[in-house]
Structure formats: structure tokens, C-alpha cells
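We number each residue from 1, following the sequence as shown.
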Amino acid sequence: MTDLTTLLEVGGPVAAIGGGAAYTRARHPGVYWSTVGMPLSAARLIGSYGSVMEACGLTVTPSRLRVLAARATRGEVRPVPPRRGLIRPTTTGLRLRIRLAPGQEPADVAASAERLRHAWGVHAVYVTTVKPGVVELRLVGFDVLRRVRMPRRMVGGPLKVPLALREDATPFVRDYRAVPHQLTLGATLSGKSMYLRHLVAGLAPQPVALVGVDCKRGVELAPFAPRLSALATDPEQAAGLLPVLIREMEDRYDLIKARQGIAPSTPDETITSDIWGLPDADRPAPIVLFVDEVAELFLVATKKDEERRDEMVTQLIRLAQLGRAAGIYLEVCGQRFGAELGKGATMLRAQLTGRVCHRVNDEGSAKMALGDIAPEAVLAACAIAPELPGLAVAGDTSGGWSHIRTPYLSLGEAAEICRESAHLVPDLPPLKPFRPLAA
């Protein structure tokens, strides 16, 4: 009886600690990782590094000097794993650098990432190349996309907006200087509007002209009216706004030619310079054009609508082809995008370097967004569950892609940011007739 009482007295606190750890791991994974998961994974990594590398086929034959030393001491000659650097803990995982042995390449380590994940008990392992011969392993301790918390320190700057969190716990930054145009797709309640909301809120405090084309009567972009330089809420208004942007682009090319001594007869397509080479006093403000529900611009009902559609699509293609050097950037959004929209859809997509695909209703839209990047990216986009709004597959035409998720931002907070930044609206006289009336 005494032994049973003692067992119960000891087992009670142990059960409470175990239950508390399980609750913390489920509800507060970051706290659990910092207190329990990180020490266990670090100890497991240090203790099993050599054997795990050997099991993954990442060891090499030892040098002659090492072989002679082992034979002199009658020791066993074992394969040598890659040299490991210091383990650096983070709030979401661990980092360590590995110096590859002669004959190894980063792809060898990346192919064993799944084995390393199970061997060291972490959520995921990602491999990046630091410099020739050195790779960095980023170990993520838990699913950072389940509850998104953006890092405290994020890269910012002109035309750079930290939008979401990648699956490797690094921020996804929308850099318009590096990726000037982008296509963003997503079905209803997939998180596309939240993504667009973050974009507008991130650009509002910057000296940038924001122009919107929202053919859903402005329900998506109208709350940001105080910060918008122009807004078109139906195809007719869009047909009047796009030619103005084309003329603004041509005027900026003339400015570049005048400042740099280029002949006025030089075609715009052959000019490699841009507005960023102009002096600060002469440089016009960049323009970011948001096109929400792009399919509405392609839909036609009459012959007259078809002519207007063809003209608007041609103007969008021209802006996508030539707008970067003039400081005009496109953000094309929609629920559906495919070749069946009509003439010019595929050509427009070819000019949009960045791709973000949320959950879509058909595989065709995913293929249109990511099919020319990587087939596995299409499969990843089609597998997004409705229970995870904001989750998307982001990539570009270089072939790289990753899962991202946008944190929650209320419409009121985004609208308040736009109201506070209303004084930053650049002075662009051609766009004044299209500026929305802010409440």
C-alpha cells in the first residue's frame, strides 16, 4: 500500500508536467520549442551527427593522414562526415553550416533533407548554398504556417513589402525592383484579398502612387481611397484610365531620353535605363497598378465590348512589357485565369514574372499560374486545404517556389494606415480626374 501511495505521489506531478508539455506544444508551439524541443533536437543532432551522415551517404573516404593515424593507434578507419559548424538556435529552429567534402555538392545534402528531419526530430530541414563548398541547414522545429507570426526584424526599403511567412520561417518580401510584375490568383475565401490588403498597407507609407482597377464596383480597393491616386470601378472607367497610364509611361521615356542624351527617335523598347538613374529632383514617383478581378476586363457581351476588351488587354501588355523602366509596376489579381479568357491572356501572363497561387477551384488556373515554373508547384497549389486561408504557393519564372502564408490584417487597420498616409499621395496631374472621393 505504501508503494502504491508513493507511486501515485510521484506520478501525479509527472502526468501534470507531461500534460502541460502536450498542451503547450499544441497551443503554443514556439514556447514549447524554446523550452523543450530545441534542447532535445540539439542534443540529438550533436550525438548522432556522424552516424546520420553515414546513413544518408554523405560521408567520404578519410585522408591518408587520418588513415595512417588510425592504423598507428590500431583504431578503426571510418568514413568522414562533412565538417560541421556551430549550432545557432533561433526562435523557430536551428541553423548550422556544413563544409562539403571534395566531390560533394549541395544537391546531395538536399536529397537527404527528409532523412535528416526524421533523424533529428524536427518539422522540416531546408538546405541553402552560402558559398562554394558551404551549405546552411535550416531546421524548423514546428509548423510555422499554422499560426503565422512575422519576424521582428524584416528587410524593408523602397518598393519592398514584407507580406507573408515562408515555410522555412523566413519572410516573403515583395520587391518590385527585383520582380516588377506579378500574377496573384485565388478563389473566394482563399486569402487573396488579405494578400492584396497587406500589399496596399505596406506601400501606403512609401512615396508611391497607387492606382486601382477594381471591376467589382470597388468593393476591394474603395476602403483605401484616401491613399489611391486613381481608381476605376468598372470596365468603362478602366478603358479611360489605362490610356492615361500609357501616356504617362511615354512621357517618362521622353524624360529619360532628355536627361541622358538619347535621341528622341530611339524606340522605347531599346532603352535599357530607367527612372532610377535620374536625379532625385527629376525622378517621378513610381506607380503600382492593382488590377483586381482581371477576368472582368476580358469578358465581353457585344461587339463593342470586344473592341474595348482588345484595346485594354493590349494596353496592359504594353505596360507589362515597357512599364518597369518607367517605374510602373503591375499587380494582376483574379479568381480565375486561363487561355480561354480570350486573346492576349497568355501573352499577358508571360510578362508577369512573379506568381502567387492561393487555393483555386480548378487545376487549369493553377497550371496557368505555376505550370511554366514547376509541375510540383501546381500539385502543391491544388493540395491547399480550405481550412488554411492565406496559404499560397509563391514562385517566379526562375523556377523556385515555396509555401507562404499571409498573417491576418483587418480591413479597418489597413484602411486606417491609408488614411494616415493620405498626405503622401504624389502629385500626378494626369491621374487627378480618376482620383476617388474619400469619405
Side-chain angles (χ1 to χ4, degrees), residues 157-161 174-184 199-200 202-204 206-213 221 227-232 237-292 294 297 311-333 344 347-354 396-397 424-435:
L159 292 175
K160 291 183 179 180
V161 182
R174 177 74 173 94
D175 186 358
Y176 285 92
R177 297 284 298 275
V179 182
H181 313 304
Q182 181 169 279
L183 174 64
T184 303
L199 262 179
V200 176
L203 290 172
Q206 302 186 27
V208 181
L210 305 181
V211 178
V213 175
L221 297 177
R227 184 59 182 84
L228 297 181
S229 297
L231 177 63
Q237 295 180 6
L241 174 60
L242 291 179
V244 174
L245 293 175
I246 294 293
R247 288 193 295 271
E248 177 68 18
M249 180 183 69
E250 294 172 349
D251 292 342
R252 294 187 177 196
Y253 271 110
D254 293 338
L255 176 62
I256 295 173
K257 294 177 183 179
R259 293 292 304 183
Q260 298 185 357
I262 302 175
S265 59
T266 302
D268 295 342
E269 294 83 352
T270 61
I271 300 178
T272 58
S273 301
D274 52 33
I275 64 169
W276 303 106
L278 300 175
D280 295 342
D282 298 335
R283 183 187 305 129
I287 299 176
V288 178
L289 172 61
F290 299 98
V291 181
D292 193 31
V294 64
L297 297 180
E311 185 177 357
M312 286 191 297
V313 172
T314 302
Q315 291 163 350
L316 282 177
I317 293 174
R318 287 198 65 197
L319 288 173
Q321 288 178 336
L322 307 175
R324 183 206 61 82
I328 300 177
Y329 308 97
L330 268 65
E331 197 75 33
V332 179
C333 307
M347 188 174 181
L348 175 61
R349 183 201 63 164
Q351 304 297 327
L352 305 177
T353 306
D396 53 51
T397 51
L424 296 177
V425 177
D427 183 20
L428 295 175
L431 297 180
K432 286 185 178 180
F434 300 93
R435 187 169 183 185

R435 to L228 - nearest heavy-atom pair and separation: NE-O, 3.5 Å
pair F290-V213: side-chain heavy atoms closer than 4.5 Å: no
Nearest-0.5 Å distance that lies between atom CG in D251 and atom CG in L255: 9.0 Å
Approximate separation, where rounding is to 0.5 Å, of Q351 CD and L322 CG: 8.5 Å
pair P426-P207: side-chain heavy atoms closer than 4.5 Å: no
Trace of the side chain to side chain contact (heavy atoms under 4.5 Å, CB included) decision for E248 with L431: CA-CA 9 Å; E248 177 68 18; L431 297 180; over 6 Å; no
Spacing of L203 atom CG and R174 atom CZ [to the nearest 0.5 Å]: 9.0 Å
Approximate separation, where rounding is to 0.5 Å, of L210 CG and L289 CG: 10.5 Å
Minimum heavy-atom distance A239-M312, with the two atoms named: N-SD, 3.6 Å
Side-chain (Y176) to main-chain (P286) donor-acceptor, under 3.5 angstrom: no
Side chain proximity check, V208 to I287, heavy atoms < 4.5 angstrom: no
Heavy-atom closest pair, residues A325 and I256: O-CD1, 3.8 Å
Side-chain heavy atoms of V291 within contact of L330, under 4.5 Å: no
Main-chain N/O of L278 paired with R283 side-chain donor or acceptor, under 3.5 Å: yes
V288/L199 under side chain to side chain contact (heavy atoms under 4.5 Å, CB included): CA gap, chis, key distance, verdict: CA-CA 10 Å; V288 178; L199 262 179; over 6 Å; no
Which atom of G354 lies closest to which atom of V179, heavy atoms considered: N-CG1, 3.4 Å
Passing candidate, side chain to side chain contact (heavy atoms under 4.5 Å, CB included) with E331, options L183, D292, T184: T184
Nearest non-hydrogen partners of F434 and G240, listed with the distance: CZ-O, 3.4 Å
Atom of S229, atom of V425 and distance for their closest heavy-atom approach: OG-CG1, 3.5 Å
Side-chain heavy-atom pair L297, L316 within 4.5 angstrom cut-off: yes
R324 side chain near Y329 side chain, heavy-atom distance below 4.5 Å: yes
4.5 Å side-chain heavy-atom contact, Q315 and M249: no
Pairwise distance CG(D175) to CD(Q182) - rounded to 0.5 angstrom: 11.0 Å
Check: H181 side chain, A320 main-chain N or O, donor-acceptor pair, under 3.5 Å: yes
Check: A204 main-chain N/O paired with R227 side-chain donor or acceptor under 3.5 Å: yes
Min side-chain heavy-atom separation Q206-L424 under 4.5 Å: no
Straight-line distance of D274 CG to I328 CD1, nearest 0.5 Å: 12.5 Å
